[in-house]
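Remarks on the structure that follows.
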Amino acid sequence: MTVRRSCILTSLLSLVAAGPLSARNEGRIPAFARAYGVSCNLCHLPFPRLTAFGETFAGNGFRMAPTEPPRDTVATGDPLLTLMRDLPLAFRLDAYVSAFNNGNVVTDFKTPYNLKVLSGGPTSDKISYYFYFFLFERGDVGGIEDAFVYFNDVAGSPVDVAVGQFQISDPMFKRELRLEFEDYAVYRARIGDQPADLTYDRGVMAVGEFGGFTITGEAVNGNGRGPAEPDRRLDNDAIKSVFGHVSRDVTQHLRLSAMAYYGKQEGSQENGPTVENTVWMVGGDLTLSYGPFELNGQYIRRDDDRATFMPDGPPTATSSTCAWVARVTSGGMRR
């Protein structure tokens with residue numbers, strides 16, 4: 001069916017269920033509110049947006065203080081083990097109803113659109129974990145997306161390290177904060193057959209605070225979160241990609257940042273020779289917030305030299321993208 005003009009009315013039902021089993025979504029699950037006896041609004045306003053306190057709580061490995069023993073743990077006598085009393089587990093369900101107007105009204109029950117199972121929490125005084133599994137994503141099984149181990153204050157330094165599968169774009173803007181039905185296309189954009197973008201990849205991320213700057217460095221496979229190769233390798237070449245991000249709060253209401261990405265990827269067309277593509281991206285982002293209002297801006301320029309993996313293909317492919325997202329959050333900056 002072709003819809004030339006459409007008016008889409010969407011309603012969202014988002015449920016997070018947590019009884020004796022509870023969890024977090026990127027640091028956002030009711031298990032932590034239950035453990036400390038506080039409202040979820042201490043860290044989120046609204047869900048899943050993190051407040052400044054929520055950012056600090058996540059950076060401490062999901063604790064109020066960096067070395068504090070979590071309250072919902074069992075005393076084992078082992079200083080290297082933090083054993084949670086209950087398995088942290090949560091569920092999130094997104095459901096939509098859409099109506100399209102093209103002379104005749106057509107309705108679509110997008111239910112369930114997303115169904116997630118989430119878990120996360122500390123395993124020692126410096127180590128925590130987080131993952132979630134898409135049981136049901138737009139009609140199919142989505143599989144694992146975020147899945148990483150988090151090391152807090154490595155070697156006594158102000159540096160935290162995550163190892164596993166995560167979103168390259170997390171230091172800029174977390175895609176979990178997007179409008180529920182839409183996505184940040186600027187992070188999903190690809191050129192030709194090159195699999196690299198700024199969403200999920202596997203690798204290591206280091207984040208540190210230095211002189212008022214938040215500096216992030218990442219080394220990743222460069223080919224996303226696809227399935228393993230026939231030889232069980234998740235990276236189909238020996239080359240890694242690197243990403244860097246520098247951010248600073250200029251004023252109470254303005255944050256400015258810069259980013260860069262560089263990598264190479266080997267690939268080929270059917271029965272063709274192996275060709276190496278070089279990709280680099282540079283850009284900047286800003287966040288302007290005042291009370292309940294927030295404006296996010298992102299600019300990225302990307303260049304690939306052999307994006308189709310064809311030796312006689314176009315030598316360069318360039319893409320420049322700019323995106324703006326405005327939000328109004330209820331309740332202002334309530335804590």
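Along the sequence shown, residues are numbered consecutively beginning with 1.
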- prompt: Judged by atom type as modelled, is there a donor-acceptor pair below 3.5 Å linking the side chain of T251 to the main-chain atoms of L254?
  reply: yes

query: CG of D94 to CG of N114: how many Å apart, nearest 0.5 Å?
result: 4.5 Å

Set of residues satisfying salt bridge (charged side-chain N to carboxylate O under 4.0 Å, His left out) with respect to R202, sequence neighbours excluded: none

- prompt: Going by an N to O cut-off under 4.0 Å, is there a salt bridge joining E145 and R225?
  reply: yes

query: Got E218 and V242 here, is their nearest side-chain heavy-atom distance under 4.5 Å?
result: no

query: Are F91 and L93 in one and the same hydrophobic cluster, where Ile, Leu, Val, Met, Phe, Trp and Tyr link if side-chain heavy atoms are under 4.5 Å apart?
result: yes

message: For T308, give me all partners under side chain to side chain donor-acceptor pair (under 3.5 Å), at least two apart in sequence or on another chain.
response: none

task: Kindly indicate whether the side chain of D235, heavy atoms from C-beta on, has any atom under 4.5 Å from the side chain of N223.
output: yes

task: Test side-chain contact (heavy atoms from CB on, under 4.5 Å) on T278 and R306 and set out the steps.
output: CA-CA 7 Å; T278 299; R306 287 289 186 272; over 6 Å; no

- line: So ring pair (Phe, Tyr, Trp, His ring centres under 6.0 Å) across residues 234-253, not counting sequence neighbours, yields H253-Y290

query: Mind checking whether F131 and Q165 have side chains closer than 4.5 Å, heavy atoms only?
result: no

- request: Under the salt bridge (charged side-chain N to carboxylate O under 4.0 Å, His left out) rule, collect the residues that match up with R302, sequence neighbours excluded.
  value: D304

task: Examine distances only and state if a side-chain atom of D201 and a backbone atom of G222 form a donor-acceptor pair shorter than 3.5 Å.
output: yes

task: Applying salt bridge (charged side-chain N to carboxylate O under 4.0 Å, His left out), name anything that partners D160, two or more places apart in sequence or on another chain.
output: none

query: Side-chain heavy atoms under 4.5 angstrom apart, residues restricted to Ile, Leu, Val, Met, Phe, Trp, Tyr: same cluster for I215 and F151?
result: yes

message: Using every non-hydrogen atom in the two residues, find where I168 and V220 come nearest and quote the distance to one decimal.
response: CD1-CG2, 4.1 Å

- line: Output for pair (M281 CE, D303 CG), nearest 0.5 Å, gives 10.5 Å

message: For Y184 and T199, which I'm curious about, is there any donor-acceptor pair between the side chains at under 3.5 Å?
response: no

query: Within a strict 4.5 Å, meaning less than it, do heavy atoms of the T123 and V149 side chains meet?
result: no

field: Sequence neighbours excluded - salt bridge (Lys or Arg N to Asp or Glu O under 4.0 Å) pairs with any residue from residues 185-199
entry: D183-R188, R190-D197

- request: Drop me the distance from L256's CG to L286's CG, to the nearest 0.5 angstrom.
  value: 6.0 Å

field: Residue list, side chain to side chain donor-acceptor pair (under 3.5 Å) with T216, at least two apart or on another chain
entry: none

task: Dump the intermediate steps for side-chain contact (heavy atoms from CB on, under 4.5 Å) on L115 and R92, then the final yes or no.
output: CA-CA 6 Å; L115 176 58; R92 175 177 172 177; over 6 Å; no

message: Let's go through S247 and T214 carefully: what are the C-alpha distance in whole Å and the side-chain angles of both, what is the deciding distance for side chain to side chain donor-acceptor pair (under 3.5 Å) to 0.1 Å, and is it a yes or a no?
response: CA-CA 5 Å; S247 175; T214 301; 5.3 Å; no

- prompt: Is there a path of hydrophobic side-chain contacts, each under 4.5 Å between heavy atoms of I, L, V, M, F, W or Y residues, that connects I191 with V282?
  reply: no

- prompt: Is K110 salt-bridged to D108, cutoff N-O under 4.0 Å?
  reply: yes

- line: Taken in chain and number order and not counting sequence neighbours, the residues that satisfy salt bridge (charged side-chain N to carboxylate O under 4.0 Å, His left out) with R248 are none

- prompt: Side chain of N277, backbone of D305: donor and acceptor closer than 3.5 Å?
  reply: yes

Would you be so kind as to tabulate the donor-acceptor pairs closer than 3.5 Å made by side chains of residues 133-140, with sequence neighbours excluded?
none

- request: Any chance you could lay out the side-chain contact (heavy atoms from CB on, under 4.5 Å) test for N221 and K240, step after step, and finish with the verdict?
  value: CA-CA 5 Å; N221 285 345; K240 300 302 177 186; 2.6 Å; yes

- request: Using the salt bridge (Lys or Arg N to Asp or Glu O under 4.0 Å) rule, collect all pairs that involve residues 250-260, keeping only residues at least two apart or in two chains.
  value: R255-D285

field: Shortest non-hydrogen contact from V163 toward V161
entry: CG2-CG1, 4.0 Å

message: Quick one: does any side-chain atom of Q194 pair with a main-chain N or O of A196 as donor and acceptor, under 3.5 Å?
response: yes

- line: Per ring pair (Phe, Tyr, Trp, His ring centres under 6.0 Å), Y130 is matched among F166, Y150, F148 by F148

task: Determine whether L234 and I239 fall in the same hydrophobic cluster, where Ile, Leu, Val, Met, Phe, Trp and Tyr are linked whenever their side-chain heavy atoms lie under 4.5 Å apart.
output: no

query: Is the count of non-hydrogen atoms from other residues, nucleotides or ligands lying under 6.0 Å from F210 atom CZ greater than 12?
result: yes

- request: Establish whether F173 and M259 are linked, either directly or via other cluster members, by ILVMFWY side-chain heavy-atom contacts under 4.5 Å.
  value: yes

message: Can you list everything that forms a side chain to side chain donor-acceptor pair (under 3.5 Å) with Y187? Sequence neighbours excluded, please.
response: Q298

Got a list of side-chain donor-acceptor pairs under 3.5 Å for residues 260-268, not counting sequence neighbours?
residue: Y261; atom: OH; partner: S241; partner atom: OG; Å: 3.2
residue: Q265; atom: NE2; partner: N236; partner atom: OD1; Å: 2.6
residue: Q265; atom: NE2; partner: D237; partner atom: OD2; Å: 3.3

- request: Check whether any side-chain heavy atom of Y200 sits under 4.5 Å from a side-chain heavy atom of R175, and report yes or no.
  value: yes

